[in-house]
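Below you'll find the structure, written out as C-alpha cells, and then a few comments.
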Amino acid sequence: MEPGTADDTTRHGDSADRRLPVYDPQAVEARWQQRWIDEGTYEVDNDDPRPPYYVLCMYPYPSGAAHMGHVRNYTFGDLIVRHRTMQGYGVLSPIGFDSFGLPAENAAIETGRHPREFTEEKIVELSSSLRRIGAGYDWRRLVTSHSPSYTRFTQWIFLKFLENGLAYKQMAAVNWCPGCQTVLANEQVLADGTCERSGDLVEAKDLEQWFFRITDYAQQLLDDLDLVDWPERVVTMQKNWIGRSEGAEFSMAVVDADGNAHSSGAEVSVYTTRPDTAFGMTYAVLAPEHGLALTVTTDENRPAVEAFVARARSTSEMDRLSSEGALDTRGVFTGSHLLNPFTQQPVPLYLADYVLVTYGTGAIMAVPGQDQRDWDFAEAYDLPIVRTVQPPEGWDGEAYTGDGPAINSPASESTFESLDLNGMDVDEAKARAIEWLDTWGLGEAKVNFRLRDWLLSRQRFWGSPIPVVYCPDHGAVPVPVDQLPVLAPDDVEFLPTGESPLKHHEGFLNTTCPRCGGAAVRETDTMDTFVDSSWYFLRFADPTNEDLPFDRAAVEHWLPVDQYIGGVEHAILHLMYARFFTKALADLEVAPATLREPFQRLFTQGMIRLDGVKMSKSKGNLVAPEAILDREGADALRLGQLFVGPPADDVDWEGVGIEGTYRFIGRLWRLAYPGSGVVPDASGDDALEVDKATHRLIARVSDEMERWSYNTSVAAFMEFTNLVYKQGKTDFAVDTLLKLLAPMAPHVTAELWELRNGGHVHEEPWPEHDPAMLAVDSVTMVVQVAGKIRDRLEVSPDISEDEAAALALASEKVRPHVDGEPRKVISRPPNLVNIVP
RNA sequence: GCCCGGGUGGUGGAAUGGCAGACACGGCGGAUUCAAAAUCCGCUGACCUCACGGUCGUGCGGGUUCGACUCCCGCCCCGGGCACCA
C-alpha cells in the first residue's frame, strides 16, 4: 500500500515505520460475537466440573430493540459472567423473555395482529440487540413465558398450589370501566379517575378472583431477609411492605347513645397497636366497605351513609390515605355507637375513607390524643379528645405519640376499678391492657401484617390461562395435569374496548367437566405476569424438562442465583413474589427443601433518565443505542455506561457521551497492537515502576469488581494507560491490562490478545497481584494546623507516630502557625499529622 | 399522604471520619499538518495576589469530633415507588 492512499492506516511518531491499522469496531465486534456463539463460549452443562456460579439479569419484557436501560443492565451482567469465568467458575448465564403482558394485547387491538406474532418479532429484535452489545449467554437455555412448554408448567404450579391450599377464590374489587365493559389495569386509569380509552369514570366492581396465599409466608418472608446479601434499601423496602406490627384485637358491642344493645346483637372487632391508649378512645371507625357498615346505620343516617360509601369506593386508595385536604367530608356518622369496654361508655361509630377494609379488621378505635389523624378527624367532627399519655414538659403539639406515663386510664377511680394503667410507660401499659383483655375474654394479643394475599386473576387474553373448569355440578374443577397446557386459541378477534376475546370464544369456552364429563365452561381469566417471572430462574436450571417444571437435582446444583441484577423498580413486588414461590415450591417438594431464598446476592441498578425524566417507551424519550453501536461500537458504549457513574445511581443520559471511552479504546489499541511503536518499551527503573503500577492496578480493579465500583475501575484503566504512555510499556503491563479489561470491553481485548498471544483472553485466569510489588518507598504526609493544611512531607511508609509528629513540628511552613507548645498533636502516620495550637 | 433514594466545579462524577474535585466531557493553549480532522503534550473550582502565597468552597441551619462531602438532629429542594394502614 502506498502512503496516503489508504484511509485505514495511519502513522504515529517517528518510530512508527510500521503500519498500524485503525481500530475498526464493526468488523472486530461482529467477528467475536459470532465466535462466542459458534464456539459455545458461554454454554455450560449441568455436569460441568467447575464450581457453579449463577449470574442472572431480570429477564426483559420484549419491547423491541434494546434501549439504554437494557444496555446498562446486560453490560453489568455480562461483565460478571466473564469475570467469574476467568476466576475459574462454571458460570450459568441464561437469558429469556417475559413475553406475556398488556402492551402486546394493546398492539393487537390496534393492528389486529395476534399478540404472539407481535411478541415473537420483538423477541428477535431484542435478541439481536443483546448480541450486538456483546453479551454472552447459553442460548440453548432460552425460556419465554408464552411458549407452550413454559405455560404448561406455570399452570402445573398453579394446580399444585391449588391442591395444597395456597390458591383460593374470593370476591375482590377491580377497576371497572362502564363504557368499555372492561376491567382496567391501574395504569389505564388516569389521574382523575377516568378510563384512558373511553374517558368514563372508573368504578369499583366486585368479581370472584383467584388469590395466592402469600400471607401464609409473611413471617418467613420477613425473617429470611437475614439470609440474603441484598442492598440495605431493598431489604428495608421489603420489610416495610410486609409491615409486621404487634398489638391487640378486641371486640365491642354495637349500642345506641344510651348504651342499649343494637337489635342485631352485632359486635365490631378492632385491631390496634396501641391498646394502652384505649381509655382515650372517643369514637370508632369502620371502613366504608366493612360488612357491618349498613347494618349498624340508623334509618336517619342511611342516605348520607350510602352516598358516602359510593363516593369512597370510587376514590383511589392513595387519595384515601392522604391526610391532605378537608377532613370534614371524609367521614360520616352511622348513628350507632360502640361500647368501649375500658370505660364502659358508648362512643360514636363513624365511617371514614382512610380506614381500609383490607388491613386488620377493617375497623379501628380512634384515640385523638395519641394519633394525629384521629386528632384532625376529631376536630373536624367536634369529637372529644382525651390524652392518655402525659406529654413531656413544654409540649405544645397536638397528638402525642411518644413515650410517657399513662394518665386518665381510668380517668377517675370511681369510673372503673379492675384496670389501672396510670403511671405505666407505653410498653408496660400495652402488656397490661392486653393481659386484661385476655383475662376478660374481650380480646387478645395479635400480630398483623400489612402484606395482603396476591390477587393473580387478570381479565386479559395475553397471559397463561388459569387451568380451571366450571361445572354446574362440581364447581371449580382443576384441569388434569395431562391436559396441560391450556392454551388460548389463535382465531380470535380483539375488541376495541380491550375486553378479553376469551370470554366470547365458544371453542375455548365450552368444554367438559374432568370429573363428570358433563358440559362445563373454562375459566377465562389469565394469570398476572408476575406469576411467570416468579419461577423462570428455576426453569433455567433445567429448561427442556417435559415431565416437571425442573429437576430437583439441577436446581440443587445451580440455585440460589449467586448474583441477580435488575432495576430498582422491581425491589418489592417481583422479588417478594419470587421469594414466595421459591419457599412454597420447596415446601411442596418440587424444589429442594433447603432452598429458602432464590437470590443470594442482589444488585439493583438505578434508572436511566433523560432531562430528569425516567426514560421509557411511554414517554417517548428513549435514546437508541443502535447509532452508537454503528459508529463507536459496543465496547465504547459498555465502557461509557460503566464510566458514567455508580451502577446503583440513576443516570441522566443527557450530556453523557462516549467520547472519552471511545478515545480510550483507540489509545489502548495503539498501545497494545503487536509491533506498534506508538508507546516505546520502558527500560530499567521505568519498567519496574510500570510493573509495580500494574500490580497496584490488579489489586485495585479486583477489589472494585467485588464492590460494584466499575466507574472507578474504568478511571483506573485510563489512569494506568496514561502512565504507560508517559513511562513506556512492558508486555506484563499491556497483557495484564487486556485481561483486567476483558470483562468490560470484551471485543477489543479479545482481538488484541489474539494478535499478541494467540488464544482467548476470556479463557485466561484472572490476574493476581504480588503483595511485595505493592510496597512504595515514600508517601506524602499531610501536616495540618487546626485542621488546615500547612505542609506536605515525603516520608517513609513505616514512619512511627513520634517521628511523624516531630517531623511535622519541625516544618518551616508549620512553625509560623504554632506559637509555643501545641495543646495536642494527633499523629496518624504515615498519612497525616494534625497540630492543635 | 406513606416508603425509598439523591443534592459536590460549566457537565458526568471521585474521595469507605484524615490532601475536596481522581478520571472523563467541555473549554483554553502548544506540538504535528500546506490546512483541517485524527493524534500527542500542557492548563482549567471561585476570589485576592506581579509572584510566593492566602481566603472561601460539597443544598440550608445546628451538633458531635483534633478533624465532617462522609456521623447525628432539624429544614429546603429534586427524583422514584405505592396493595401504603390503625
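Between Tyr710(A) and Trp708(A), the distance separating the two ring centers is shorter than 6.0 angstrom.
Rounded to whole Å, the C1' atom of rG67(B) lies 14 Å from the corresponding atom of rA20(B). Only the P atoms considered, rG42(B) is 15 Å distant from rA22(B), to the nearest whole Å. Here the separation of rG12(B) from rG7(B), taken at their C1' atoms, is 15 Å to the nearest Å. Distance check on atom C1': rG6(B) versus rA24(B) gives 22 Å, rounded to whole Å. The P atoms of rU58(B) and rG21(B) are separated by 14 Å, rounded to the nearest whole Å. Comparing the C1' positions of rC43(B) and rG9(B) gives an interatomic distance of 15 Å, to the nearest angstrom. To the nearest whole angstrom, the two P atoms, one in rG57(B) and one in rA68(B), are 12 Å apart. Here the separation of rC47(B) from rU39(B), taken at their P atoms, is 31 Å to the nearest Å.
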Problem - Residue pair Glu794(A), Thr780(A): steps toward the side chain to side chain donor-acceptor pair (under 3.5 Å) verdict - result: CA-CA 5 Å; Glu794(A) 284 301 307; Thr780(A) 306; 2.6 Å; yes
Handout entry: Residues Tyr283(A), Val285(A); criterion side-chain contact (heavy atoms from CB on, under 4.5 Å); working and verdict
Key = CA-CA 7 Å; Tyr283(A) 68 103; Val285(A) 186; 3.5 Å; yes
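Side-chain proximity of Val782(A) to rC40(B), rC19(B), rA86(B): nearest is rC19(B). Closest to the Arg790(A) side chain, of the nucleotides rU55(B), rC66(B), rC4(B), is rU55(B). The side chain of Thr780(A) approaches rC19(B) more closely than any other nucleotide in the set rC19(B), rC4(B), rC23(B). Considering only side-chain atoms of Arg792(A), the nucleotide from rC41(B), rC19(B), rG26(B) that sits closest is rC19(B). Taking only side-chain atoms of Thr712(A), from C-beta outward, the nucleotide of rC23(B), rA14(B), rA86(B) with the closest atom is rA14(B). Closest approach to the Asp371(A) side chain among rG26(B), rA86(B), rC41(B) is made by rA86(B) (side chain taken as heavy atoms from C-beta onward). For Asn711(A), whose side chain is taken as the heavy atoms from C-beta onward, the closest listed nucleotide among rA83(B), rA24(B), rG13(B) is rG13(B). Listed nucleotides: rA14(B), rC40(B), rG12(B). Nearest to the side chain of Phe643(A): rG12(B). Side-chain proximity of Ile789(A) to the nucleotides rG13(B), rC19(B), rG12(B) is greatest for rC19(B). Distances from the side chain of Lys824(A) to the nucleotides rG79(B), rC66(B), rC23(B) place rC66(B) closest.
OP1 and OP2 of rC3(B) both lie 4.0 Å or more from every side-chain N or O belonging to Arg233(A). For the pair Arg330(A) and rG1(B), the criterion of a side-chain N or O lying under 4.0 Å from OP1 or OP2 is not met. Note on Arg700(A): every side-chain N or O is 4.0 Å or more away from OP1 and OP2 of rC23(B). Within the structure, every side-chain polar atom (N or O) of Arg828(A) is placed at least 4.0 Å from both OP1 and OP2 of rG17(B). Side-chain nitrogen and oxygen atoms of Lys788(A) include at least one within less than 4.0 Å of the OP1 or OP2 phosphate oxygen of rC56(B). Phosphate contact (OP1/OP2 of rC19(B), side-chain N/O of Asn831(A), threshold under 4.0 Å): absent.
Rounded to an integer number of Å, the gap from Phe377(A) CZ to rA86(B) C1' is 13 Å. Regarding Arg663(A), its CZ atom lies at a distance of 10 Å from the C1' atom of rU39(B), rounded to whole Å. Between the CE atom of Met718(A) and the P atom of rC25(B) there is a distance of 7 Å, rounded to whole Å. Rounded to an integer number of Å, the gap from Lys726(A) NZ to rC23(B) P is 9 Å. Straight-line distance from the CG atom of Asp649(A) to the P atom of rA15(B): 11 Å, rounded to whole Å. When rounded to the nearest whole Å, the span between CH2 of Trp669(A) and P of rU39(B) equals 16 Å. If you measure from atom CG of Asp353(A) to atom C1' of rG1(B), you get 12 Å, rounded to the nearest angstrom. Rounded to whole Å, atom C1' of rG18(B) lies 6 Å from atom CD of Gln784(A).
By the rule that a glycosidic angle within 90° of 0 means syn, rG61(B) does not qualify and counts as anti.
Across all non-hydrogen atoms, the minimal contact from Ala204(A) to Ala173(A) is CB-CB, 4.5 Å. The minimum heavy-atom distance linking Pro288(A) with Leu351(A) is given by the pair CA-CD1, 4.3 Å.
Using N1 to N3 plus N6-O4 or O6-N4 for Watson-Crick, or N1-O2 and O6-N3 for G-U wobble, each under 3.5 Å, rG1(B) pairs with rC82(B). Pairing of rG57(B), defined by two Watson-Crick or G-U wobble distances under 3.5 Å, is not identified with any nucleotide. In this structure, rC71(B) and rG63(B) make a Watson-Crick or G-U wobble pair, each of the two defining distances being under 3.5 angstrom. Summarising the base pairing, rU39(B) is matched to rA31(B) through a Watson-Crick or G-U wobble pair whose two defining distances lie under 3.5 Å. Using Watson-Crick or G-U wobble geometry with both donor-acceptor distances under 3.5 Å, rG26(B) finds its partner in rU44(B).
At the heavy-atom level, Ile835(A) lies nowhere under 4.0 Å from the strands shown. Residue contacts for Asn448(A): at a heavy-atom cut-off of 4.0 Å it reaches no nucleic acid atom on any strand shown. Nucleic acid contact for Leu455(A): none, since no nucleic acid atom lies under 4.0 Å from a heavy atom of the residue. Residue Val270(A) is out of contact with every strand shown, counting any heavy-atom pair closer than 4.0 Å. At the heavy-atom level, Phe717(A) lies nowhere under 4.0 Å from the strands shown. Within 4.0 Å of Gly660(A), counting heavy atoms only, lie sugar-phosphate atoms of the nucleic acid but no base atom.
Taking the six-membered ring for Trp and thresholds of 30 and 60 degrees, Phe530(A) and His574(A) have nearly parallel ring planes, at less than 30 degrees apart.
Looking at Asn240(A), its side chain has no donor and acceptor atom pair within 3.5 Å of the base of rC3(B). On a pure distance criterion of 3.5 Å, no polar donor-acceptor pair joins the side chain of Arg670(A) and the base of rU39(B).
Along RNA chain B, the nucleotide closest to Met365(A) and the one closest to Ala786(A) are compared, and the more 5′ of them pairs with Ala786(A). Take the nearest nucleotide of RNA chain B for Gly360(A) and for Ile214(A): the residue whose nucleotide is more 5' is Ile214(A).
The side-chain heavy atoms of Leu575(A) and Trp230(A), taken from C-beta on, include a pair separated by under 4.5 Å. Met576(A) has its side chain within reach of Gln238(A): a pair of non-hydrogen atoms, C-beta onward, lies under 4.5 Å apart.
Partners of Asp371(A) by side chain to side chain donor-acceptor pair (under 3.5 Å), not counting sequence neighbours: none found.
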What donor-acceptor contacts under 3.5 angstrom involve side-chain atoms of residues 781-791 of chain A, with partners at least two apart or in another chain?
unit_1, atom_1, unit_2, atom_2, d
Asp791(A), OD2, Ser811(A), OG, 2.7

